[in-house]
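Positions are given from 1, in the same order as the sequence printed here.
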Amino acid sequence: MSTHQRWFGIVNELEGLAIHGPALFAVSNHTSANQFEPDLLGHVVLAATMTATEAPPPTLHSVASANHFTRTPNQRRFHNQQAHNASRRAQRAKSKTSHRQHATRNDTSAPATQNMNSILYPRDHLQEALKLRAPTWLKQPDLVKALGDILDLLFFASLSTEEGESIRVQVAIPTGHTIEDIFDTSEFRDPGEPPQHAWLPIPIIPQPLNIDTLIKLSMATSFGRTSLVITPDESAGLQITGIARRNPKTNGGDALRISASAPGALSLVFGDTEIMRYERGQLANPAPNIFYTDGLVRQAIRSSLKNLLADVKDQILMPGYIGDRVFDRLVRGMSATGRGGLILVHPQTALDHDTEPPKYGLSDPNILASKIHSYFGTSKTWLNTVFREEDEESSEERARAHNERVLAESIVDEITDDVSRLTAMDGALLLGPDLQIFGAGFKVSKSYTFPLYEVFDVTGQSVAPEAYSLDTHGTRHRAAAAFVTATGGLAFIASQDGPLKCLLNDGNRILFWKIRFPDA
């Protein structure tokens, strides 16, 4: 039996077990040196057909020395030094891990995840992450091996720079389908409306999957919006075959998404689920989805939109999730400016007399709210056509109502994105109830703050025992804490000295959540 026959046999067996069809990688051992990284992707190719006794795993040196022969002498010396340092760090980390394992073998009180705290490379943490959050089909040894190699490849690509800028890499790997044939699998689809295509690809002539190609082609992507597409070829193995924009109204469907948002920081996502996040040589705990999971933050957002959502009687048939979506986009947009920012949500419709208004006010503070009202109106019209008896006239009316609804929704998204850009200016973007926009450039005059406590779940049940110190943070964090203390409102922070955060007043203390978006 040939290599390909053995691999496709494995894939076909897995497809019989999986709901989403896990035909992840079709790889070949007939790969030329100029198509793949030396050693690293050779092992990706052979992983599907060779056991651990047939081929040793790729070494850290072989990973770091990828594309060695196509680099200049200075580049080769630089990467050799990187590989040498990486190998020494890995050896020390593994030595410490081995020592800890030996010391705790007879200690039944040792935590099960103790080894996760070791500083290791992504592939070394992948197994543990898959056990916790991955679909069953993705835990197959051959797929785990190939995926681990790709994670390490992106890890080293993220350590590179281009024209002085860090490289941010994002790839999409279709599972069971071509990227064009993947549809939304989110549970938030409208009833009666077919699922949307999850990806809008621009095909390119296939390129070899290696570090240099990842770096060069990533410059043509917009991180968080477009990804490089990795697909298999029976004769050439894994290749980069396009640049695809994820439809923001979908969850990405049945495609694995790997993102390197910062040097050495990776996330692995499938659909709505973040399977793995790797930062600073360790697995990072997945941040709670505060926008779309019912909890304290979502309740606070819904409470601030009480009048705006008053007409939404049935949240299944009407877009009652619009508030969650708007705040999600506002925070994403603030982060995307790259300048840091602050969004404050005041619980009152008018500011106190002693509070100085924002420097840059809007002549129409209700511009975003009015667009949402228009969206609700088109949604009602569309729903009225959905349940009518089907005939030619009703079909045309339904299509027209649907198009108007889609247009109104896109306008809400575009206005939201434009408003989020106001956070790039000095000061805060100040909002009021029902998405009233007071303006940008707001300065917080208060200074007193309640103690801060980090929260690890959406319900607020898992709270750090010790107060969080603001000593290492600047004025933006202090302003957010002072505002939340004084007004009882909400605050969202983006800064260069840490992850995105959400602050919420909880009586005599402030609770805060770290915000991580699955594909960022």
Requested in this report: Give a yes or no answer on whether the side chain of Ser158 reaches the backbone of Ala260 with a donor-acceptor pair at less than 3.5 Å.
Outcome: no

Requested in this report: Drop me the distance from Leu511's CG to Asp506's CG, to the nearest 0.5 angstrom.
Outcome: 4.0 Å

Report task. Decide if the gap between the ring center of Tyr121 and the ring center of Phe156 is smaller than 6.0 angstrom. Result -> yes

Query raised in the report: Just by distance, do the side chain of Thr378 and the backbone of Ala408 share a donor-acceptor pair under 3.5 Å?
Result: no

Requested in this report: Any salt bridge (Lys or Arg N to Asp or Glu O under 4.0 Å) involving residues 367-379? Give me the pairs, sequence neighbours left out, ordered by first then second residue.
Outcome: none

Requested in this report: State whether a side-chain donor-acceptor pair under 3.5 Å links Tyr375 with Glu409.
Outcome: yes

Query - Flag if over 12 foreign heavy atoms under 6.0 Å of CD1, Ile202 - result: no

Requested in this report: Indicate the atoms forming the closest heavy-atom contact of Ala481 with Ile510, along with that distance.
Outcome: O-CD1, 3.4 Å

Query raised in the report: Just by modelled atom types, is the Phe223 backbone N or O under 3.5 Å from a matching donor or acceptor in the Thr221 side chain?
Result: no

Query raised in the report: At their closest point, which heavy atom of Gly253 faces which heavy atom of Ala198, and how far apart are they?
Result: N-CB, 4.1 Å

Query raised in the report: Considering all heavy atoms of both residues, which atom of Leu344 and which atom of Ala428 are nearest to each other, and what is their separation?
Result: CD1-CB, 3.7 Å

Query raised in the report: Short question: side chain of Trp513, backbone of Leu503 - any donor-acceptor pair under 3.5 Å?
Result: no

Report task. Please check if any side-chain donor atom of Tyr468 sits under 3.5 Å from a side-chain acceptor atom of His473, or the reverse. Result -> yes

Query raised in the report: For residues Ser304 and Asp434, is any side-chain donor paired with an opposing acceptor at under 3.5 Å?
Result: no

Query raised in the report: Going from CZ on Arg339 to CE on Met334, what distance comes out if it is rounded to the nearest 0.5 angstrom?
Result: 14.0 Å

Report task. Please determine, by modelled atom types, if Asp184 and Gln196 share a side-chain donor-acceptor pair under 3.5 angstrom. Result -> no

Query raised in the report: Can you tell me if NZ on Lys139 sees more than 12 non-hydrogen neighbours from other groups inside 6.0 Å?
Result: yes

Query raised in the report: Can a salt bridge be assigned to the pair Arg332 and Asp328 using a cut-off of 4.0 Å between side-chain N and carboxylate O?
Result: yes

Query raised in the report: Any donor and acceptor pair, going by atom type alone, linking the side chain of Asn366 with main-chain N or O of Gln436 inside 3.5 Å?
Result: no

Query raised in the report: Donor-acceptor pair, Ser374 side chain versus Ser370 backbone, under 3.5 Å?
Result: yes

Query - Atom CZ of Arg133: over 12 foreign heavy atoms under 6.0 Å - result: yes

Report task. Given side chain to side chain donor-acceptor pair (under 3.5 Å), test Thr185 with Asn251 step by step and report yes or no. Result -> CA-CA 7 Å; Thr185 57; Asn251 66 350; 2.9 Å; yes

Query raised in the report: Between His346 and Gln348, is there a donor-acceptor pair closer than 3.5 Å when you use the side chain of the first and the backbone of the second?
Result: yes

Query - Distance-only donor-acceptor check, side chains Ser379 and Arg405, under 3.5 Å - result: yes

Requested in this report: Using atom types as modelled and distance alone, determine if a side-chain donor or acceptor of Thr381 lies under 3.5 Å from a backbone N or O of Gly377.
Outcome: yes

Query raised in the report: Judged by atom type as modelled, is there a donor-acceptor pair below 3.5 Å linking the side chain of Thr293 to the main-chain atoms of Ile290?
Result: no

Requested in this report: If a pair satisfies side chain to side chain donor-acceptor pair (under 3.5 Å) and one of its residues is in residues 414-430, list it, with sequence neighbours excluded.
Outcome: Arg329-Asp417

Requested in this report: Please round to the nearest 0.5 Å and tell me the distance separating atom OG of Ser267 and atom CD of Glu274.
Outcome: 5.5 Å

Query raised in the report: Are more than 12 heavy atoms from other residues, nucleotides or ligands located less than 6.0 Å from atom CD of Gln127?
Result: no

**Report entry** Donor-acceptor side-chain pairing of Ser259 and Gln170 below 3.5 angstrom
**Finding:** yes

Query - Straight-line distance of Leu268 CG to Leu126 CG, nearest 0.5 Å - result: 7.0 Å

Query raised in the report: What's the spacing between Ile258 CD1 and Tyr278 OH if we round to 0.5 Å?
Result: 14.0 Å

Report task. Taking atom CD of Gln299 as the centre, report whether more than 12 heavy atoms of other residues, nucleotides or ligands fall under 6.0 Å from it. Result -> yes

Query raised in the report: Can a salt bridge be assigned to the pair Lys514 and Glu454 using a cut-off of 4.0 Å between side-chain N and carboxylate O?
Result: yes

Query - Phe270 side, atom CZ; Leu138 side, atom CG - distance, nearest 0.5 Å - result: 8.0 Å

Query raised in the report: Backbone N or O of Arg245 within a donor-acceptor pair of the Arg225 side chain at under 3.5 Å?
Result: no

